[in-house]
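Below: the structure, in structure tokens.
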Amino acid sequence: MNFYNLKHKEEQLSFKEATIKGQGKDKGLFFPEDISKFSPEFLQNLTQLSDEEIAYQVMKDFAGDEIPEAELRKIVAETIAFEIPLKKVTENISVLELFHGPTLAFKDVGARFMSRCLGYFLKNETRKVTVLVATSGDTGGAVANGFYDVDGIEVVILYPKNRVSPVQEKQLTALGKNIHALEVNGSFDDCQALVKQAFSDESLNEKLLLTSANSINVARWLPQQIYYVLALKQWLKTNAENPIICVPSGNFGNICAGILAHHRGLPVEHFIAACNVNDVVPEYLRTQKLEAKETVATISNAMDVGDPSNFVRILELFDQEFNQVKNKLSGYTIDDEETLKTIERVEKDYDYVLDPHGAVAFVALEKYLAENGGKGFFLETAHPVKFPDSVEKATGKSVEIPKSLEELMKQEKFTTEINPNYEELKGFLIGK
Ligand SMILES: *Cc1c(COP(=O)(O)O)cnc(C)c1O
């Protein structure tokens with residue numbers, strides 16, 4: 001299928017080209033040229049289909065003309081090769097647990113799909129391919145894990161020294177092989193600025209085929225639809241009414257994928273964007289004005305985004321009509337104090353341990369249901385062990401470390417320390 005650049009509609013690329021290129025002219029995001037509906041049989045039979053079949057059906061219209069069926073089936077099966085359970089927390093609130101992947105955050109789904117597509121597309125590429133990415137935490141781990149040992153691809157991840165959690169750091173630095181972690185003496189913004197400079201450095205791009213794995217890439221965005229459909233498969237087994245779905249949101253890629261699935265026919269009553277104080281979108285829903293803001297640091301730091309890139313895709317899905325957006329989407333702003341109180345309360349009352357991102361979503365959904373009635377679920381996007389400081393502060397209990405992590409935490413870290421200086425990054429990329 002072709003994808004067009006939302007800023008320059010004449011720029012149209014295939015799925016392969018859009019995956020390799022990441023973003024279009026003037027940093028425009030790519031968007032599918034047509035959005036096929038799910039067939040009535042598919043929706044009727046949802047509860048009977050296997051997860052792998054569902055995942056294939058969701059993705060085939062986007063990638064099926066460029067990746068042969070058997071290969072695409074293998075890629076989607078590997079993408080979701082862990083459980084994605086929907087569990088009841090209260091009478092009216094369930095949770096979709098998206099943290100059972102290898103790096104314990106939902107970004108595993110997008111990163112695994114993208115890495116495998118890229119591996120397939122670049123099989124016959126003779127130049128060395130380097131995936132370059134800056135991370136404030138979860139993206140780096142998911143990308144490292146997704147691309148680990150993929151033939152022909154080197155991965156370079158920049159992260160700010162001392163500003164990611166211990167688990168996040170190990171996920172970036174312990175793998176080795178084709179995964180290179182650069183520990184930058186600076187902030188996340190410094191990391192991002194270095195990466196941007198590398199992408200615009202023509203002499204570097206002649207030597208290396210550089211590609212980005214950031215969250216606006218279509219190959220990371222689109223597969224996120226899969227777990228909304230898998231959630232409905234579970235939901236419909238015990239519920240007659242359509243769910244209200246609440247998504248902890250930062251860059252708005254995740255919720256945008258859910259809304260896309262809904263546009264294709266997935267039955268959803270309403271969507272809620274749960275934000276921390278970085279609330280550009282809830283503010284837009286209140287005032288109809290979309291204005292980027294300075295980022296504020298919070299305890300749900302994966303949502304500290306002052307200029308959510310994917311929101312333009314949501315507007316496109318609703319034909320740029322404010323009233324259409326507002327009919328289907330509500331927004332809530334939750335501050336750190338309320339987030340901590342929610343973690344404490346939900347552990348005490350329901351014996352369920354939330355991470356800060358899930359807590360923002362839980363309380364937003366609770367507020368919506370109190371005002372409007374109905375039933376629904378929220379997405380728990382990371383395992384609480386990735387944010388032990390907040391969780392332990394709120395509950396007074398330590399977070400149990402899953403078995404898979406115990407091993408990882410014992411491993412050595414491999415990093416190269418650099419200063420936030422472009423020549424140092426360039427030297428590393430060329431010398432590698
Ligand atoms: C990335 C991330 C989010 C935000 O997802 P978006 O797609 O950027 O809205 C929420 N929670 C966690 C744990 C994340 O890592």
Side-chain angles (χ1 to χ4, degrees), residues 29 95-114 133-146 159 164-165 167-168 171-172 188 192 213-228 245-261 271-282 284 295 298-314 329 331-334 339 343 353-364 378-388 390-391:
L29 271 64
V95 55
L96 183 69
E97 291 184 349
L98 293 172
F99 56 72
H100 297 281
T103 74
L104 311 179
F106 82 98
K107 290 189 175 74
D108 280 327
V109 173
R112 286 164 77 83
F113 184 79
M114 179 184 169
V133 71
T135 185
S136 58
D138 284 341
T139 295
V143 167
N145 198 285
Y159 73 100
V164 301
S165 80
V167 169
Q168 289 174 327
Q171 290 176 336
L172 295 176
F188 170 62
Q192 217 162 13
N214 70 15
S215 69
I216 59 172
N217 194 299
V218 292
R220 276 192 60 187
W221 171 48
L222 295 169
Q224 299 176 108
Q225 293 172 89
I226 297 168
Y227 46 72
Y228 288 89
I245 303 181
C246 182
V247 186
S249 296
N251 222 358
F252 279 72
N254 192 2
I255 193 168
C256 183
I259 295 173
L260 173 61
F271 284 94
I272 299 167
C275 294
N276 60 31
V277 294
N278 296 284
D279 64 344
V280 171
V281 172
Y284 164 76
T295 305
T298 74
I299 56 168
S300 48
N301 59 14
M303 310 198 296
D304 294 351
V305 180
D307 187 8
S309 357
N310 277 287
F311 197 65
V312 292
R313 285 183 168 140
I314 295 184
L329 178 68
Y332 286 87
T333 308
I334 310 296
T339 306
I343 298 174
V353 181
L354 294 162
D355 98 294
H357 305 79
V360 167
F362 178 93
V363 71
F378 67 99
L379 275 50
E380 176 49 293
T381 45
H383 193 290
V385 80
K386 293 192 92 169
F387 304 92
S390 301
V391 177

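In each ligand, atom 1 is the first atom listed, and ligand 1 is the first ligand listed.
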Under the 3.5 angstrom rule, does the side chain of Asn276 hit a backbone N or O of Thr298 as a donor-acceptor pair? no
Write down, by chain and number, every protein residue that brings a non-hydrogen atom to less than 4.0 Å from an atom of ligand 1. Phe106, Lys107, Asp138, Pro248, Ser249, Gly250, Asn251, Phe252, Gly253, Asn254, Ala302, Met303, His357, Thr381, Ala382
Sub-3.5 Å donor-acceptor pair from the side chain of Arg220 to the main-chain atoms of Ala213, do we have one? yes
Option among His357, Gln171, Gln168 that satisfies the side-chain hydrogen bond (donor to acceptor under 3.5 Å, both in side chains) test with Asp138: Gln168
Carboxylate-amine/guanidinium contact Asp355 Lys386, below 4.0 Å: no
What one should report as the nearest heavy-atom pair of Gly250 and Pro308 is O-CB, 3.3 Å
Would you find a donor on one side and an acceptor on the other, under 3.5 Å apart, between the side chain of Arg313 and the backbone of Ile216? yes
